[in-house]
Amino acid sequence: MGYQLSFNQIWRNFDKLTNGVILSLELAVIAILIGALIGLALAVIYVSSGRVVRAIISSYVEFIRNVPLLLLVYLAFYGLPTVVNLAYDASTSFIATLSLYAGAYLVEVFRSGLEAVPKGLLDAGKAMGLTPWQRLLYVRLPTMTRITLPALSNTFISLFKDTSIASVIAVPELTWGAQWINNRTFRIVEVYAVTTVMYLVTGYAILFGLRLLERRFRVER
Amino acid sequence: MSATPLLQIARLTKSFGSNQVLKSVDLDVTAGEVVTVIGPSGGGKTTLLRCVNFLEAYDGGSIKIDGREVGYVDNAGGRKRGEVDLAAMRAETGMVFQSFNLFPHLTAEQNVMLGLQRVRKKPLKEAQEIARHWLDRVGLAHKTKSLPYELSGGQQQRVGIARAVAMDPKILLLDEITSALDPELVNEVLDVVRKLATDGMTMLIVTHEIAFARDASHRIIFMTDGSVSAHGKPDELMAQVASNERLRNFLSRFSAATH
Ligand SMILES: Nc1ncnc2c1ncn2[C@@H]1O[C@H](COP(=O)(O)OP(=O)(O)O)[C@@H](O)[C@H]1O
Ligand SMILES: [Mg+2]
């Protein structure tokens, strides 16, 4: 005797998983976009500000980095609405949380990218009469992409995996889909095996695409 | 021809912390003149050039281009000009760097076009025409679409020169532009500078190429330890070798190059 593997039930409910993986990707894409905006803006402010502003930005980064994401998700979804009168659905709450989370990590990525731009290039920009904004736009940002793209890719892969945490507030992403099937079929091994493969395959596909993109944008020196 | 000099540097001082790098430097450059600065390394030549376009803020004395104080609203150490005003002033001087400093993500042509479009506000077509004209002038008409890493050091530096000259600056600052080059690439770059001199470009040049300094410049400044130790027309300066020991010592290291 023993446990008989059977995938029939999984395939029958497979749309829960395919819809889930699509939603996971959507959540990760939105979070990396908003997170990159937050990260870039704060990094630019950081490198051009004094001690006080830097300390404020650092405390945001430190707070997010030292509190488990799961807790942040709970805080935002259950905690916040009881304090302030704010109604939002689980997906919105999760996107906001994951974006702030990504932003904190990306501040560091962009800050070190901005500081890694060779001083000689900034001198060249100054010498030709570019204003500080123009130097940022035409010299600093484009030359730092080579440095920051790999870290951005890695962050995106992490975020994609982190979307599984949204299942705890019933956002129907991939892990939630797996739980849904498991609760009805009790095919725990099969459903999580298939789900794992889906995370792996999707993750590797993203990584492959991003590495191609990195190569396309790499600037030799 | 005794109009007011284009560039007037008077009693210029500059310190990095407790290290006084420029100790009262006086130097005038008239429009159309080529002035070369030579001297042992660490003497403050780079710092002098970087003060002229305010990449470094000076502490005392005065630098004027066309009668306008560089970097400061009134005088050294006082209120600095705003960033937009500073940028506009810097656009009046061109600089070529020892390490080329080409923007690595832009082609040769785009490197030249950036300032034309963003600072001079030229439309794309015109910027491209000017860029191609100058790349042609420095012998790189066939490399307009190359990225910096695809070019040799000599070619990169010629793009650097084109990028500076295309902006039509009042004065061009060249800081040891051949020092990072393999010896066989030095002349292709110096030839470009000679052509610019012939065309009447005003230049302030720091170089270790003594032979070039002698035959390409109107005047030579010999700088040691942050001050001008000797100056004059090339043959006047050479005539001071007997009386100026530091100049003699300095030049003796280049005797192979000068004969
Ligand atoms: N940014 C800087 N900070 C501190 N010291 C500097 C800096 N730039 C140059 N110096 C110092 O100023 C002196 C003159 O340097 P520099 O102008 O580069 O001389 P040169 O170009 O004649 O070799 C040197 O002692 C150098 O160490
Ligand atoms: Mg130097």
Side-chain angles (χ1 to χ4, degrees), chain A residues 36 39-41 43-50 53 109-153 210-221, chain B residues 46 49-50 52-56 71 82-107 110-121 146-151 156 159-160 162-169 171-175 180:
Chain A
L40 189 56
V44 168
I45 294 170
Y46 187 96
V47 298
S48 48
S49 297
V53 176
V109 169
F110 286 121
R111 191 189 55 74
S112 50
L114 285 172
E115 281 169 1
V117 173
K119 189 168 167 296
L121 296 184
L122 298 175
D123 282 347
K126 271 190 194 176
M128 69 168 52
L130 297 179
T131 62
W133 270 112
Q134 290 176 322
R135 296 198 293 269
L136 179 68
L137 206 57
Y138 302 118
V139 180
R140 262 188 149 171
L141 293 183
T143 49
M144 75 174 217
T145 50
R146 185 182 76 112
I147 306 158
T148 52
L149 269 183
L152 270 175
S153 299
L210 290 175
R211 292 288 179 252
L212 281 184
L213 207 66
E214 283 167 28
R215 206 167 314 159
R216 165 80 181 68
F217 280 101
R218 183 161 56 215
V219 180
E220 313 286 330
R221 282 191 52 80
Chain B
T46 295
L49 246 52
R50 290 172 62 87
V52 172
N53 62 1
F54 215 64
L55 289 184
E56 299 287 356
E83 287 289 353
V84 173
D85 196 6
L86 273 182
M89 285 206 89
R90 287 187 181 123
E92 300 305 314
T93 59
M95 185 172 238
V96 184
F97 301 85
Q98 180 173 348
S99 48
F100 324 140
N101 296 349
L102 296 186
F103 304 121
H105 60 295
L106 299 180
T107 63
Q110 291 167 332
N111 262 277
V112 182
M113 287 166 66
L114 182 63
L116 292 169
Q117 287 183 275
R118 305 304 166 191
V119 178
R120 294 283 183 247
K121 309 290 182 197
S146 300
L147 286 164
Y149 79 93
E150 298 170 319
L151 300 172
Q156 287 190 51
V159 175
R163 179 173 70 176
V165 186
M167 295 286 286
D168 193 21
I171 182 168
L172 198 57
L173 310 169
L174 311 181
D175 188 12

Heavy-atom closest pair, residues [X] and [Y]:
X         : Y         : answer
Phe103(B) : Gly125(A) : CZ-N, 3.9 Å
Thr131(A) : Ala87(B)  : CG2-CB, 4.0 Å
Met128(A) : Val119(B) : O-CG2, 3.5 Å
Arg90(B)  : Arg135(A) : NH1-NH1, 4.4 Å
Leu102(B) : Leu121(A) : O-CD2, 3.2 Å

Return the option, out of [options], with the maximum number of heavy-atom pairs under 4.5 Å with chain A.
options                                   : value
Glu92(B), Glu150(B), Arg118(B), Met167(B) : Arg118(B)
Met89(B), Arg50(B), Met95(B)              : Arg50(B)
Val96(B), Asn53(B), Leu55(B), Val84(B)    : Leu55(B)

Whether Glu83(B) side chain and Pro132(A) backbone form a donor-acceptor pair below 3.5 Å: no
Would you confirm whether His105(B), through its side chain, and Tyr138(A), through its main-chain N or O, come within 3.5 Å as a donor-acceptor pair? yes
Engaged part of Arg120(B) at the chain A interface, taking heavy atoms whose separation is under 4.5 Å: neither
For chain B, the option from Leu122(A), Asp123(A), Thr143(A) that forms the most heavy-atom pairs under 4.5 Å: Asp123(A)
Partner residues of Asp175(B) under the salt bridge (charged side-chain N to carboxylate O under 4.0 Å, His left out) criterion, sequence neighbours left out: none
Could you pull out all residues at least two apart from Asn101(B) that satisfy side-chain hydrogen bond (donor to acceptor under 3.5 Å, both in side chains)? Ser99(B)
Rounded to the nearest 0.5 Å, what separation is found between the CD atom of Gln134(A) and the CG atom of Leu114(B)? 8.0 Å
